[in-house]
Amino acid sequence: MNKFLKASTSITRLINRQQSTIETCQYAKRFQEIEASELKKGMWIEHKSKLFLIEKVVHQKVAMRGGFIITDMKNVIDGSKSNIKFRSAENLELVDLSRSTYNFIETTKEGKAFVFRKVDSEGDEDEEDFVCTNISQLDGYSPYLSLFGEDAEFHFRTYNNNVIDFKGPTQIDLTIRSVSDLQNNNVLHFENGRSCKGPIYLKPGDKVQIRLPEEVFITKL
């Protein structure tokens, strides 16, 4: 109970503080300097003040010039993709983004901010709650967060006040509010405004299990 009271009274302060400390956080991340020749698929690098995920690496040898590294990279924040060539000996900043585990606390009344708290941080005055203000970074989980138990765990990385690689429980139990027909299937409607296809034998009031984030019917409970 105490953690919900603490979250509800500090959301505005947290949002303002996170927005004002983005630049500070940028230099608080853990960097490791590497040469472009050391790049591998799956690494995170910061290039021109943007975070990229390396998706493909091709080594291009050039006689007497040391060669080049051609990369396919994805901007982790906006999803755009780039093909960039680096000199083999060029220094790059490898970013260490460790994944942390959080509990969901609450959503603001406006539904525009989602408050998470690191697991085992209860009572730690130096550990602030994390506030996500970008629904798209929650991988479709936003309509379901309040329906999970308070002990449900969510895993993600953070970078300059952004949520990266969000993972949550893969199943949730829901009660059908209403049913509409769709050829050989029914469309199941739930209290959170979401819906999915389901077998024709299901009716309002039935409890079902749904797979997330795909929103696919699994079974009747």
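- R99 contributes a side-chain N or O that, together with a main-chain N or O of D165, makes up a donor-acceptor pair within less than 3.5 Å.
- The CD atom of E106 sits 12.0 Å away from the CG atom of L145 when rounded to the nearest 0.5 Å.
- Side-chain contact check for H59 and S37: no donor-acceptor pair (N or O, by modelled atom type) lies under 3.5 Å.
- The backbone N or O of P204 lies less than 3.5 Å from no partner atom in the side chain of D206, so there is not a single donor-acceptor pair.
- One finds the CZ atom of R177 at 10.0 Å from the CZ atom of F190 (value rounded to the nearest 0.5 Å).
- One N or O on the side chain of S88 and one on the backbone of G67 form a donor-acceptor pair closer than 3.5 Å.
- Looking at every heavy atom in both residues, Y201 comes nearest to K220 through CE1-CD, 4.2 Å.
- Atom OH of residue Y102 and atom CG of residue D129 lie 10.0 Å apart, to the nearest 0.5 angstrom.
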**Prompt:** Would V208 and L221 satisfy side-chain contact (heavy atoms from CB on, under 4.5 Å), going step by step from the backbone distance to the final call?
**Reply:** CA-CA 5 Å; V208 296; L221 301 174; 5.7 Å; no

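- Here the side chains of F130 and V115 are not in contact, with every heavy-atom distance at 4.5 Å or above.
- No more than 12 heavy atoms of other residues, nucleotides or ligands sit less than 6.0 Å from atom CD of E191.
- Under a 3.5 Å cut-off, the side chain of T170 and the backbone N or O of R211 do not form any donor-acceptor pair.
- Contact record, S195 with V187: CB-CG1, 3.9 Å, taken as the closest heavy-atom pair.
- Scanning all heavy atoms of the two residues, the minimum distance from V95 to E46 falls at CG2-N, 3.6 Å.
- For Y141 and F104, the ring centers are positioned 6.0 Å apart or more.
- The distance from the CG atom of L147 to the CD1 atom of I172 is 5.0 Å, given to the nearest 0.5 Å.
- No donor-acceptor pair closer than 3.5 Å links the side chain of D181 to the backbone N or O of N186.
- Within a 6.0 Å sphere centred on CD1 of I200, other residues, nucleotides and ligands contribute 12 heavy atoms or fewer.
- N103 contributes a side-chain N or O that, together with a main-chain N or O of A152, makes up a donor-acceptor pair within less than 3.5 Å.
- In this pair, F116 and F156 present their aromatic rings perpendicular. The plane angle is above 60°, beyond the 30 to 60° band.
- Of the charged side-chain nitrogens involved, none lies within less than 4.0 Å of a carboxylate oxygen, so that K41 and E55 do not count as a salt-bridged pair.
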**Request:** May I have the step-by-step check of side-chain contact (heavy atoms from CB on, under 4.5 Å) for R194 and E215, ending in yes or no?
**Result:** CA-CA 9 Å; R194 303 301 296 173; E215 296 183 308; 2.8 Å; yes

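- None of N83, L51, L53, I45 except one satisfies the side-chain contact (heavy atoms from CB on, under 4.5 Å) rule with M73; the exception is I45.
- Rounded to the nearest 0.5 angstrom, E90 CD and L39 CG are separated by 9.5 Å.
- Residues C132 and L138 share a closest heavy-atom pair of SG-CD2, 3.8 Å.
- Atoms CD and CG, from Q171 and L174 in turn, are 11.5 Å apart once rounded to the nearest 0.5 Å.
- Each of N134, T108, V131, I135 was scored for a side-chain contact (heavy atoms from CB on, under 4.5 Å) with F114, with one residue passing: I135.
- Considering every non-hydrogen atom in both S49 and Y159, the closest pair reads O-OH, 4.1 Å.
- Hydrophobic clustering places I84 together with I69 (ILVMFWY residues linked when any side-chain heavy atoms are closer than 4.5 Å, directly or through intermediates).
- At least one side-chain heavy atom of H189 sits under 4.5 Å from a side-chain heavy atom of S180.
- V119 places a side-chain heavy atom less than 4.5 Å from the side chain of E153.
- In the model, T101 has a side-chain atom that pairs as donor or acceptor with a side-chain atom of H155 under 3.5 Å.
- Within the 3.5 Å criterion, the main-chain N or O of V163 finds a donor-acceptor partner in the side chain of Q137.
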**Prompt:** Given the rule in the side-chain contact (heavy atoms from CB on, under 4.5 Å) test, do I210 and I218 qualify, once you have shown the distances and angles that lead to the verdict?
**Reply:** CA-CA 5 Å; I210 303 300; I218 298 176; 5.8 Å; no

**Message:** Quick one, F68 with K85, criterion side-chain contact (heavy atoms from CB on, under 4.5 Å). Give me CA distance, side-chain angles, the key distance, then yes/no.
**Reply:** CA-CA 7 Å; F68 295 92; K85 179 188 289 188; 3.7 Å; yes

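- Side-chain contact between D96 and W44 is absent, with no heavy atoms from C-beta onward closer than 4.5 Å.
- Minimum heavy-atom separation, F154 to G168: CD2-CA, 3.8 Å.
- Contact of the K40 side chain with the I54 side chain is not registered, since no non-hydrogen atoms from C-beta on lie closer than 4.5 Å.
- V58 places a side-chain heavy atom less than 4.5 Å from the side chain of K56.
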